[in-house]
Enquirer: 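Encoded as structure tokens, here's the structure I'll be asking about.
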Amino acid sequence: MKNPKRVVCYIKENLNEVKHTTLNPEGPGVVRIHMVPPKYDGPEPEGSVVILNGQDIIPINVSWAVLLSMLIDAINEYHGRPISEEDTKKIVESTVISARSVYRFIPKAIIKKDIFRIMNTFKQIAYGEKPDEEIGYINIGEYAENMRAPHRMDLMVSAMTKDGKWHCNQNCVHCYAAGQAQAEEEELSTQQWKEIIDKCRKACIPQVTFTGGEPTMREDLIELIDHASWFVTRLNTNGIKLTEEYCRQLFDASLDSVQITFYSHDRDIHNSLVGAQMYYQTLAGIKNALAAGLNLSINTPLCTKNRDYVKTLEFLHELGVTYVTCSGLITTGNAATSESESLQLTNEEIRDILKEAVDYAYANGMEISFTSPGWIDAEFFEENGLSTPTCGACLSNMAITPGGRAVPCQSWLEGADLGNFLEEDWEKIWYSGKCENRRYYSAMMTGQCPLRKEKGGSYEK
């Protein structure tokens with residue numbers, strides 16, 4: 001059924017970019033809403049998708065998209081100050097008035113009811129509750145042809161070398177960026193990274209992750225995160241520089257989450273894998289992030305040296321860590337060297353370690369995920385209540401190198417240059433043959449990483 005002309009006009013004028021708002025901005029229980037419009041190349045508008053907290057992808061129909069757009073506009077009138085109960089009433093009334101200008105024959109009571117349905121549904125999903133409404137969660141592969149940009153851009157703000165010297169406070173055995181030319185480019189200036197962040201917003205990208213190298217090596221990192229407050233913002237770090245004051249600044253800059261790489265509860269194992277005596281500094285960073293109220297997750301790349309992963313989970317649980325991820329090795333950069341490859345686990349070993357870890361995590365109220373596609377069959381993830389990891393290169397995520405080059409993902413830096421993000425039009429990059437071919441492969445949801453190399457074998461490209 002065709003939409004009324006007023007609906008089509010509203011969408012053309014108001015739904016041509018991502019719309020964003022935050023509910024309960026002081027937390028806990030923050031709900032970050034990004035409504036991403038689809039490509040509009042036909043006579044009738046399509047529905048949009050909503051991304052909650054950079055995680056859940058929910059399709060909504062045209063009427064909900066229009067109503068949510070108006071609700072976001074009304075909420076954002078109160079940006080920068082707490083919203084009282086009286087303010088909430090005014091927001092709802094303002095949204096009803098706006099909606100009536102488009103849907104003239106819909107009673108106010110029904111519009112108001114739909115507004116509360118929307119707000120309640122998104123809160124339930126964000127809090128991990130079963131929503132009252134029937135929600136058709138979408139497979140990103142199915143939605144790929146409607147996308148104008150990935151849902152996440154990884155900003156590699158820190159290079160691996162600077163002025164000809166090593167530029168990281170660790171020297172990890174499994175570092176994916178070390179040895180890759182694009183990770184050693186001359187770093188962009190503060191202003192250039194701000195321009196990239198602004199361009200990401202114009203391209204309808206709702207989430208950015210600050211990574212590297214080690215992003216905290218940049219003195220302007222807090223300033224860049226603050227500049228990106230419109231996005232869902234994440235930080236990947238080794239945690240060494242996360243002092244109490246630094247964590248407070250991250251919190252004040254509205255950082256949504258921080259992921260710290262922690263190899264093992266055992267000091268000697270951790271230090272041997274990071275190539276530096278930094279165990280206690282990283283441990284202090286974990287404690288400071290928790291104390292500051294930052295949304296923290298701990299990532300552990302698994303190998304033969306730290307196969308006793310459950311002991312590390314027990315240690316983290318005692319610290320108060322709730323969210324953990326683990327992975328196999330991405331055989332690129334340093335992780336493609338013989339030293340790193342010799343420490344790689346087999347598929348069967350990964351499966352056994354993960355099964356034990358999942359049992360412990362669920363028994364102790366921790367949330368766990370495995371992030372490396374292609375290591376374990378999908379049935380295992382279904383049986384154990386885990387999401388099946390798939391390659392999202394040029395689909396759900398992309399990356400920008402320290403010198404401003406667009407690449408399929410933050411691990412794939414060699415032979416995958418898609419163009420200069422600052423100098424070229426975004427559409428030229430997104431619709432280039434290289435990018436479209438990679439996106440088609442990712443949309444197939446095969447669960448295979450093109451950089452994956454079997455132990456003692458060859459790449460699966």
Side-chain angles (χ1 to χ4, degrees), residues 16-22 32 34 36-37 51 54 76 79-80 147-163 167 177 180-237 249-250 252-258 393-394 396-410 412-413 416-432 434-435:
N16 48 22
E17 65 177 7
V18 174
K19 288 207 168 186
H20 158 258
T21 196
T22 303
R32 298 288 299 276
H34 286 83
V36 184
I51 303 178
N76 288 346
H79 177 71
M147 293 174 64
R148 298 191 287 185
H151 291 154
R152 188 188 84 224
M153 186 66 81
D154 296 332
L155 309 180
M156 302 176 66
V157 294
S158 179
M160 298 307 305
T161 58
K162 194 170 185 178
D163 300 325
H167 187 54
Q180 299 207 56
Q182 298 237 39
E184 299 180 359
E185 298 168 332
E186 184 177 347
E187 292 179 358
L188 297 176
S189 68
T190 303
Q191 183 56 37
Q192 286 173 314
W193 275 114
K194 286 183 177 180
E195 289 174 18
I196 283 177
I197 291 167
D198 293 342
K199 191 170 179 180
C200 283
R201 179 171 178 175
K202 290 179 181 177
C204 294
I205 298 167
Q207 178 179 325
V208 292
T209 298
F210 292 88
T211 183
E214 173 50 45
T216 60
M217 298 296 287
R218 287 189 70 109
E219 294 183 0
D220 60 358
L221 180 62
I222 302 291
E223 183 180 350
L224 293 177
I225 292 173
D226 184 66
H227 187 77
S229 60
W230 176 88
F231 300 83
V232 173
T233 50
R234 294 181 174 172
L235 170 65
N236 292 346
T237 176
Q249 292 179 31
L250 289 173
D252 290 344
S254 301
L255 180 71
D256 286 286
S257 65
V258 57
C394 293
S396 63
N397 56 274
M398 289 176 66
I400 299 173
T401 67
R405 311 298 297 183
V407 290
C409 76
Q410 64 172 329
W412 195 350
L413 306 179
D417 188 348
L418 299 172
N420 188 303
F421 188 82
L422 271 176
E423 297 175 1
E424 296 185 24
D425 290 338
W426 168 245
E427 288 76 14
K428 182 179 178 181
I429 294 173
W430 182 246
Y431 295 111
S432 67
K434 274 188 178 181
C435 195

Enquirer: With rounding to the nearest 0.5 angstrom, report the CG to OG1 distance, D154 to T401.
Expert: 12.0 Å
Enquirer: Rounded to the nearest 0.5 Å, how far does OG1 of T211 lie from CG of L155?
Expert: 9.0 Å
Enquirer: To the nearest 0.5 Å, tell me how far Q249 CD sits from L255 CG.
Expert: 12.0 Å
Enquirer: In Å, rounded to the nearest 0.5 Å, how long is the span from CZ of R152 to SG of C409?
Expert: 9.0 Å
Enquirer: Drop me the distance from W230's CH2 to D198's CG, to the nearest 0.5 angstrom.
Expert: 11.0 Å
Enquirer: Shortest non-hydrogen contact from L224 to W193?
Expert: CD2-CB, 3.8 Å
Enquirer: Can you name the closest pair of heavy atoms from C200 and I400 and give their distance?
Expert: SG-CD1, 4.5 Å
Enquirer: Counting only N and O atoms by type, is there a donor-acceptor contact under 3.5 Å from the side chain of Q207 to the main-chain atoms of V232?
Expert: no
Enquirer: For L188 and E195, what are the C-alpha separation, side-chain angles and deciding distance, and is it a side-chain contact (heavy atoms from CB on, under 4.5 Å)?
Expert: CA-CA 10 Å; L188 297 176; E195 289 174 18; over 6 Å; no
Enquirer: Hey, does the side chain of H34 reach the backbone of I205 with a donor-acceptor pair shorter than 3.5 angstrom?
Expert: no
Enquirer: Side chain of K194, backbone of H227: donor and acceptor closer than 3.5 Å?
Expert: no
Enquirer: For Q192, is the CD atom crowded, meaning more than 12 foreign heavy atoms sit under 6.0 Å from it?
Expert: yes
Enquirer: State, with a plain yes or no, whether a side-chain heavy atom of I197 is found less than 4.5 Å away from one of F210.
Expert: yes
Enquirer: Ignoring hydrogens and geometry beyond distance, is a side-chain donor-acceptor pair present between N76 and H20 at under 3.5 Å?
Expert: no
Enquirer: Output yes when a side-chain donor or acceptor of W426 lies under 3.5 Å from a complementary backbone atom of C204, and no otherwise.
Expert: no
Enquirer: Minimum heavy-atom separation for W430 and M147, please, with both atom names.
Expert: NE1-O, 3.1 Å
Enquirer: Between the side chains of S257 and R234, is a donor N or O closer than 3.5 angstrom to an acceptor N or O?
Expert: yes
Enquirer: Quick one: pull up CG in L235 and CG in L221 and give me the separation to the nearest 0.5 Å.
Expert: 6.0 Å
Enquirer: Counting only N and O atoms by type, is there a donor-acceptor contact under 3.5 Å from the side chain of R218 to the main-chain atoms of V157?
Expert: yes
Enquirer: Are any side-chain N or O atoms of Q180 and backbone N or O atoms of Q182, one a donor and one an acceptor, separated by less than 3.5 Å?
Expert: no
Enquirer: Could you report the tightest heavy-atom contact between C394 and M398, atom names first, then the distance?
Expert: CA-CG, 3.6 Å
Enquirer: If you compare all heavy atoms of P206 against all heavy atoms of P150, which two are closest, and at what distance to 0.1 Å?
Expert: CD-O, 4.0 Å
